[in-house]
Amino acid sequence: MQLLGGLKKGLVFVVSAPAGTGKTTLVRKIVQEFDCVVESVSYTTRPPRPQETPGRDYHFINQQEFEKMSSRGEFLEKATVFGFSYGTSRSAVERLLNRGKHVVLVIDTQGAIQIKKTLDAIFIFIRPPNFEELQRRLHERRSDTQEAIDTRLSWAEREIQEAVHYDYQIVNADLAISYQVLRSILIAEEHKNRYPPQKH
Ligand code: 5GP
């Protein structure tokens, strides 16, 4: 008997959180612990940050390529965030689900709304303990200009208002505790009775 990885077809977990909430760390940790949990790699027109690896963090493409993929219906959901386009590959997600993997989509609230209309997914919102802490974490990252930080903060305020529409909320005040909560959600959701019954 294993904690996770017993389903023939995996589940979709949508994780949204304002920048600087620790979502990347939490998601990377769960992917590392469980072979059956994978993070979907989004497509974006945003230029890579110095520490980012193409194909691992994002598939970096130009606007023309993005529009071509979009017109062919290749995105499960897409959104514009801070002036750049982001999208989730429909075929990549389907392939992973059919291999029994749980797929985590780390996407914004605009994308989450689109998924809600099309898929039976589980929605998790990760929030900072308070606004001051978010401000501090964004400054600490040093990868953004002051203007970018201000834009992210005002966007974060709007995103947090959407948290009520999610199935779960994790207040990330302590990484170790938040991780245990996230892990518990995935384990519980895999063991939930679903109709029609999921094949094991
Ligand atoms: P960043 O550029 O800082 O990595 O991400 C900016 C925002 O875009 C974050 O809220 C992130 O979750 C969101 N994002 C990343 N990939 C996607 C995607 O494929 N779709 C949507 N809707 N949002 C995304």
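Ligands are counted one by one from 1 in listed order, and the atoms in each one are counted from 1 as well. The first residue of the sequence shown is numbered 1, and numbering continues consecutively from there.
Contact atoms of ligand 1 toward Lys23: 9 (C), 10 (O), 12 (O) (distance under 4.0 Å to a heavy atom of the residue). When each atom of ligand 1 is checked for a heavy atom of Ala79 under 4.0 Å away, the hits are 22 (N). Within ligand 1, counting atoms from 1 as listed, the ones closer than 4.0 Å to a heavy atom of Thr88 are 19 (O). For ligand 1, the atoms sitting less than 4.0 Å from at least one non-hydrogen atom of Gly111 are 22 (N), numbered in the order shown with element in parentheses.
At the top of the distance list for atom 12 (O) of ligand 1, counting protein heavy atoms only, stands Val106 O, 3.4 Å. Protein heavy atom in closest approach to atom 6 (C) of ligand 1: Tyr86 OH, 3.7 Å. When only non-hydrogen protein atoms are considered, atom 20 (N) of ligand 1 lies nearest to Glu77 OE2, 2.7 Å. Considering only non-hydrogen protein atoms, atom 13 (C) of ligand 1 sits nearest to Asp108 N, 3.9 Å. Distance from atom 16 (N) of ligand 1 to its nearest protein heavy atom, with residue and atom name: Ser42 OG, 3.2 Å. Protein heavy atom in closest approach to atom 4 (O) of ligand 1: Tyr58 OH, 2.5 Å. For atom 7 (C) of ligand 1, the closest non-hydrogen atom on the protein side is Val81 CG1, 3.7 Å.
In this structure the side chain of Val37 reaches within 4.5 angstrom of the side chain of Val104, judged on heavy atoms. Within the 4.5 Å cutoff, no side-chain heavy atoms of Ile170 are placed close to those of Arg127. In this structure, the side chains of Thr21 and Leu26 stay at 4.5 Å or more apart for every pair of heavy atoms. Contact of the Phe125 side chain with the Thr109 side chain is registered, since non-hydrogen atoms from C-beta on lie closer than 4.5 Å. Residues Leu11 and Arg194 meet the side-chain proximity criterion, which asks for heavy atoms closer than 4.5 Å.
In this structure, Phe13 has its ring center at least 6.0 angstrom away from the ring center of Phe123. Aromatic rings of Phe75 and Phe66 (six-membered ring for Trp) have centroids within the 6.0 Å cut-off, being under it.
Counting heavy atoms under 4.0 Å from ligand 1, residue Arg152 touches it through the side chain alone. Residue contacts with ligand 1 for Gln110 are absent, since no atom lies close enough (heavy atoms, distance under 4.0 Å). At a heavy-atom distance under 4.0 Å, only side-chain atoms of Arg49, from C-beta outward, approach ligand 1. Residue-level proximity to ligand 1 for Ile107 is carried by backbone and side chain together, each with a heavy atom below 4.0 angstrom.
The distance criterion of under 3.5 Å between nitrogen or oxygen atoms is not met by Tyr43 with respect to ligand 1.
Contact between Gly87 and ligand 1 is present, with at least one heavy atom of the residue lying under 4.0 Å from the ligand.
Judged by distance alone, the side chain of Lys101 and the main-chain N or O of Asp35 form a donor-acceptor pair under 3.5 Å. Judged purely by atom type and a 3.5 angstrom limit, Glu190 uses its side chain to pair as donor or acceptor with the backbone of Gly5.
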> Are Ile124 and Tyr166 close enough, and set up right, to give a side chain to side chain contact (heavy atoms under 4.5 Å, CB included), and what steps lead you there?
Replying inline: CA-CA 6 Å; Ile124 305 169; Tyr166 285 64; 5.5 Å; no
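The two residues Ala121 and Ile115 have their closest heavy-atom pair at CB-CG2, 3.9 Å.
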